[in-house]
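Read through the structure below, which is laid out as structure tokens, and then see the notes.
When reading the values below, keep in mind they use all heavy atoms of this one structure, side chains included, and skip hydrogens, waters and symmetry mates.
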Amino acid sequence: MSVSEERYNFAEAEPKWQKAWSAGNCFAAETSSSKTKYYVLEMFPYPSGRIHMGHVRNYTLGDVVARFKRAQGFNVMHPMGWDAFGLPAENAALERGVHPGTWTRQNIGVMKAQFEPLGLSLDWSREIATCEPEYYKHEQKMFTDFLKAGLAYRKESWVNWDPVEHTVLANEQVIDGKGWRSGADVEQRKLNQWFLKITHYAEDLLQAIDTLDRWPDKVRLMQQNWIGRSEGARVTWPLQDAAGKVLGESVEVFTTRPDTLFGASFCAISAQHPLAVKLAATDAKLADFIAECGKVGTSTAAIETAEKQGYDTGLKAEHPFIAGAVVPVYVANFVLMAYGTGAIFGCPAHDERDMEFARKYGLAVRSVVAPEGEDAAASSAKIEAGNTAFTDDGVIVNSAFLNGLKVQPAIRAAIQKLESIGRGKGTVQYRLRDWGVSRQRYWGCPIPIIHCEKCGPVPVPEKDLPVTLPEDVTFDKPGNPLERHPTWKHVKCPTCNAAAVRETDTFDTFFESSWYFARYCSPHLTDRAFDKNEAQSWLPVDQYIGGVEHAVLHLLYSRFFTRALSDCGYLDLKEPFAGMFTQGMVCHETYRAADGAWVEPGNVSKDGGTAVRISDGAPVTVGRSEKMSKSKKNTVDPQAIIDTFGADAARLFMLSDSPPERDLEWTDAGIEGAWRYLNRLWRLAIAARDIVPGPLPSSMDAAPTAVSRQVHRTIAAVGDDLERFRFNSAVARIRELTNSLADLDRTASGGDAVYRFGIETVTKLVGPIAPHLAEEVWQALGHKTLLVDTPWPQFDPSKLEDDVVTLAVQVNGKLRGTISVAKGTDKAACETAALALPAVQKHLDGKPPRKVIVVPEKIVNIVAA
RNA sequence: GCGGGUAUGGCGGAACUGGUAGACGCAGUAGACUCAAAAUCUACCGACCUUACGGUCAUGGGGGUUCGAUUCCCUCUACCCGCACCA
């Protein structure tokens with residue numbers, strides 16, 4: 001055996017097999033096939049410049065699924081593309097003077113070249129980039145269709161304004177009151193914006209979560225909470241002025257607790273409520289108060305410390321149930337305009353916030369719910385004297401026709417009464433709000449609208465699509481370059497031909513990612529977004545894989561789009577992703593020098609227990625493991641790893657040890673371990689070259705028989721593990737079998753045959769994980785066809801288990817020995833064998849057992865007297 | 001504050017629906033091969049007691065159900081994630 005054969009040469013093998021797969025067009029999805037389809041998709045990457053370890057993990061996970069399903073005989077579609085619009089391109093333009101399009105397309109080139117050495121089974125013939133007019137023209141058409149269908153509209157509204165990025169943010173993009181990218185405190189501004197009516201589908205989006213049985217519970221729960229369904233009532237409170245004069249106006253509040261209406265002591269409206277704005281016109285103090293409310297930040301700290309503030313408007317509101325009773329109307333800083341009606345009624349005895357407000361402004365506290373089984377008068381006295389609201393379930397008191405009812409029946413009774421007297425209505429309220437899609441940015445899809453003074457906003461006719469971005473733009477000033485472009489926005493109105501201007505806002509980039517999975521079905525179609533039949537045949541995506549950070553944003557928008565597109569005739573489908581998997585992050589230790597500077601792992605040496613910076617020998621502190629990020633410099637470059645250990649080692653390490661949904665700690669020792677295994681497998685495999693393949697002899701020695709059973713068991717277990725995303729467990733099973741094969745005595749009867757059988761099987765099983773090595777072994781074993789074209793191995797269910805089983809023998813639940821019995825041995829025989837063990841006799845201390853439990857093929861437990 | 005999750009050796013993690021806790025790997029220890037190193041191979045590797053045989057303890061803490069609990073129930077603690085004045 002020559003030296004070159006000792007060691008697996010990944011540097012030669014990996015590109016060789018990548019070329020072979022490419023030449024064989026192995027990974028192109030078949031357009032017409034008798035096979036069952038299987039659509040595997042990883043969330044497409046943003047072309048930021050270079051790939052990172054998170055990408056490697058994401059695409060490795062998907063590739064294992066794709067290759068496994070392909071080997072199982074499915075017609076697999078595993079496409080790839082680029083989420084190519086977005087702000088970083090504009091930042092690059094600002095910093096380096098390069099056009100966003102140039103920067104983006106360059107990055108795509110670089111990253112595509114970086115993905116290639118990973119050996120992913122991608123169908124590159126379906127590649128898309130969302131920044132190209134061939135792609136985004138279709139979503140401009142979609143938008144005009146949404147307009148026609150009433151699913152898109154324009155309204156002036158309060159928006160989350162990011163003062164650093166000079167753009168609007170969706171609610172989903174505001175994290176703790178800060179912009180999700182810039183981290184700047186978000187301000188409230190009033191702007192004309194385009195919205196998509198996601199709330200139209202609120203109930204359906206919520207209900208259908210139950211059908212997503214292959215989604216993580218966590219994600220389903222997050223979406224449920226985000227949609228936030230509450231049942232309650234709208235209650236009308238007619239207004240009187242301070243003198244008691246009926247004004248003929250009313251304020252409508254939303255409440256989930258109409259059962260507590262008899263405890264109402266005030267109404268409060270949002271500072272942005274139309275009534276507040278109207279009153280402020282003639283009330284300078286109120287105007288000041290409203291301005292003050294707008295200034296208070298929405299950051300976590302601000303919310304926690306913000307005291308409840310109110311302004312008494314002097315108006316009174318008439319109670320719906322108590323004739324002649326009125327309550328004061330306040331403008332209050334804690335009432336949200338965007339939820340419900342922007343107005344509430346306050347019942348301090350049974351709501352913490354209302355209690356705080358009532359105590360501050362000296363308002364009445366009237367208890368109307370008493371804890372069940374407690375004395376009503378005593379509990380009421382306690383609540384009304386204290387500062388703590390009683391918010392639990394209980395029995396209604398002091399409430400006329402509601403007295404004696406429990407909370408839920410009382411809510412129903414109160415709603416019925418409100419409806420019968422025409423003072424309210426039972427309703428369902430959602431937390432979900434419509435999706436604002438306008439962004440004041442250049443590098444996005446232009447919103448295809450022309451504003452005409454006479455005709456208003458007019459959709460760009462289909463024949464004029466796409467509206468493309470102008471190339472000659474400058475980024476030397478903040479704000480939107482489209483806005484200040486000299487000619488681009490000046491056009492004729494499509495309806496009346498008068499001078500008009502284009503909409504200069506572009507779509508939120510989540511617009512592009514809300515339908516790209518459908519575009520992959522017909523990536524080159526020019527006249528439509530996708531062919532309905534193609535899309536229907538491929539969708540839903542069978543397995544979608546990505547980060548949990550998109551649990552709400554992208555996944556909810558995509559579910560909405562699928563419904564909206566179906567209602568517009570593009571599709572006939574509700575759910576785009578039948579299976580969803582959220583992967584964990586790739587983490588690494590962090591290192592800091594004495595001056596606080598982060599030190600990259602490549603510049604740290606940990607010899608002798610202390611860590612030092614290699615460049616200057618300065619000591620560094622080893623910090624906790626965190627998600628790899630440029631800011632903490634704890635990144636490891638995938639390219640360097642692939643150059644040193646090869647793609648298969650990187651892939652194997654990504655799948656070993658940590659379950660894929662959990663965070664993965666990157667370690668040098670870990671990747672070296674993966675590398676060692678691959679070499680070991682290679683050595684064991686080439687030792688099987690000279691064994692003539694063939695069926696196993698009908699009679700073999702015990703050891704080869706046992707190993708052959710293990711081969712069947714491993715096929716079954718690995719298949720099950722891959723199906724259930726237990727990749728770490730699959731790797732462990734494969735390694736276990738490898739160990740058994742290494743230990744197998746090949747000189748025993750049947751030894752060689754089982755060895756060959758085992759090696760061939762391990763090669764097939766490891767194929768989805770380390771595809772290059774597997775292919776190289778396959779060839780070394782003398783096969784003339786590609787392993788990727790070889791079917792997944794089958795196991796023989798009759799060979800999974802041994803004829804002899806080992807039973808644990810316990811005395812009083814403690815293990816005292818084991819017995820081996822033939823399969824199917826009856827309980828009595830097991831009991832006899834167990835009792836015969838010397839260790840058992842010793843612990844029984846000569847007395848007969850009180851009881852013996854025999855679980856066939858598992859355990860014998862003897863209860864001593 | 002509300003909702004959800006996690007807790008197993010020095011480390012990452014196994015253990016299917018209650019049935020031999022610690023698979024597989026990493027790190028470590030001893031040895032073989034080598035002039036030496038790397039690579040490879042062999043053995044050991046939860047804690048404590050014991051020369052050994054063996055025993056006791058052990059799945060975050062405490063309690064319970066059970067012949068038997070990492071697994072089910074109650075309770076406490078710690079950490080992580082999501083939402084956050086949602087009426």
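When the C1' atom is used for both B/G61 and B/U77, the distance is 7 Å, rounded to whole Å. Only the C1' atoms considered, B/C33 is 32 Å distant from B/G22, to the nearest whole Å. Rounded to the nearest Å, the gap between the P atom of B/C24 and that of B/G46 is 13 Å. Comparing B/G55 with B/G5, their C1' atoms sit 39 Å apart, to the nearest whole Å. B/C79 and B/G60 have their C1' atoms separated by 11 Å, with the value rounded to a whole Å.
A/W666 and A/F653 have perpendicular rings, their planes meeting at more than 60° on a 0 to 90° scale where under 30° would count as parallel.
No hydrogens or angles considered: nothing links the side chains of A/Q224 and A/R229 as a donor-acceptor pair under 3.5 Å.
Mapping A/N812 and A/R662 onto RNA chain B by nearest heavy atom places A/R662 at the nucleotide closer to the 5' end.
The distance from atom CZ of A/R220 to atom C1' of B/G5 is 15 Å, rounded to the nearest whole Å. Whole-Å rounding puts the A/H588 NE2 to B/G12 P distance at 15 Å. The CD atom of A/Q223 sits 17 Å away from the P atom of B/G4 (whole-angstrom rounding). Here the P atom of nucleotide B/G55 and the CD atom of A/Q810 are 14 Å apart, to the nearest Å. As rounded to whole Å, 10 Å separates atom P of B/A87 from atom CG of A/L336.
Contact between the side-chain N/O atoms of A/H350 and the OP1/OP2 oxygens of B/A87 is not found at any separation under 4.0 Å. Applying the 4.0 Å criterion to OP1 and OP2 of B/A84, one finds that A/R431 has a side-chain N or O inside that range. The phosphate of B/A23 (OP1 or OP2) has no side-chain N or O of A/R713 nearer than 4.0 angstrom. Residue A/K814 places no side-chain N or O under 4.0 Å from the OP1 or OP2 atom of B/G55. Between A/N333 and B/C85 there is no side-chain N or O to OP1 or OP2 distance below 4.0 Å.
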Should A/F357 and A/F266 be marked as a side-chain contact (heavy atoms from CB on, under 4.5 Å) after you check the CA-CA gap, both sets of side-chain angles, and the distance that decides it? CA-CA 10 Å; A/F357 192 78; A/F266 65 95; 3.5 Å; yes

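For B/G62, the base adopts the anti conformation, since its glycosidic angle falls more than 90 degrees from zero.
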For residues 334-352 of chain A, which side-chain N or O atoms pair as donor and acceptor with protein atoms under 3.5 Å away, sequence neighbours left out?
from: A/Y339; atom 1: OH; to: A/S230; atom 2: OG; distance (Å): 3.3
from: A/T341; atom 1: OG1; to: A/E252; atom 2: O; distance (Å): 2.7
from: A/T341; atom 1: OG1; to: A/F254; atom 2: N; distance (Å): 3.4
from: A/T341; atom 1: OG1; to: A/A343; atom 2: N; distance (Å): 3.4
from: A/T341; atom 1: OG1; to: A/A343; atom 2: O; distance (Å): 3.3
from: A/H350; atom 1: ND1; to: A/F390; atom 2: O; distance (Å): 2.8
from: A/H350; atom 1: NE2; to: A/V368; atom 2: N; distance (Å): 2.9
from: A/H350; atom 1: NE2; to: A/V369; atom 2: N; distance (Å): 3.0
from: A/D351; atom 1: OD1; to: A/R353; atom 2: N; distance (Å): 2.9
from: A/D351; atom 1: OD1; to: A/R353; atom 2: NE; distance (Å): 3.2
from: A/D351; atom 1: OD1; to: A/D354; atom 2: N; distance (Å): 3.1
from: A/D351; atom 1: OD2; to: A/R353; atom 2: NH2; distance (Å): 2.7

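Side-chain N or O atoms of A/N333 include one that pairs as donor or acceptor with a backbone N or O of A/Q309 at under 3.5 Å. Side-chain N or O atoms of A/R359 include none that pairs as donor or acceptor with a backbone N or O of A/N387 at under 3.5 Å. A donor-acceptor contact shorter than 3.5 Å links the side chain of A/N634 to the backbone of A/H588. Proximity of a side-chain donor or acceptor of A/R713 to a complementary backbone N or O of A/L800 within less than 3.5 Å is detected.
In a base pair of the Watson-Crick type (N1 to N3 plus N6-O4 or O6-N4) or a G-U wobble (N1-O2 and O6-N3), with each distance short of 3.5 Å, B/C72 is matched with B/G64. With a 3.5 Å ceiling on both atom-pair distances, the Watson-Crick or G-U wobble partner of B/C79 is B/G5.
Taking the side chain of A/N728 as heavy atoms from C-beta on, and the options B/C83, B/C41, B/A14, the nearest nucleotide is B/A14.
Contact annotation: side chain of A/K218 to base of B/C81, donor-acceptor pair absent below 3.5 Å.
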Identify the pairs formed between an N or O of the protein and an N or O of nucleotides 24-28 of chain B at a distance under 3.5 Å, and give each distance.
from: B/G25; atom 1: OP1; to: A/N739; atom 2: ND2; distance (Å): 3.2
from: B/C26; atom 1: OP1; to: A/R676; atom 2: NH2; distance (Å): 2.9
from: B/A27; atom 1: OP2; to: A/R676; atom 2: NH2; distance (Å): 3.4

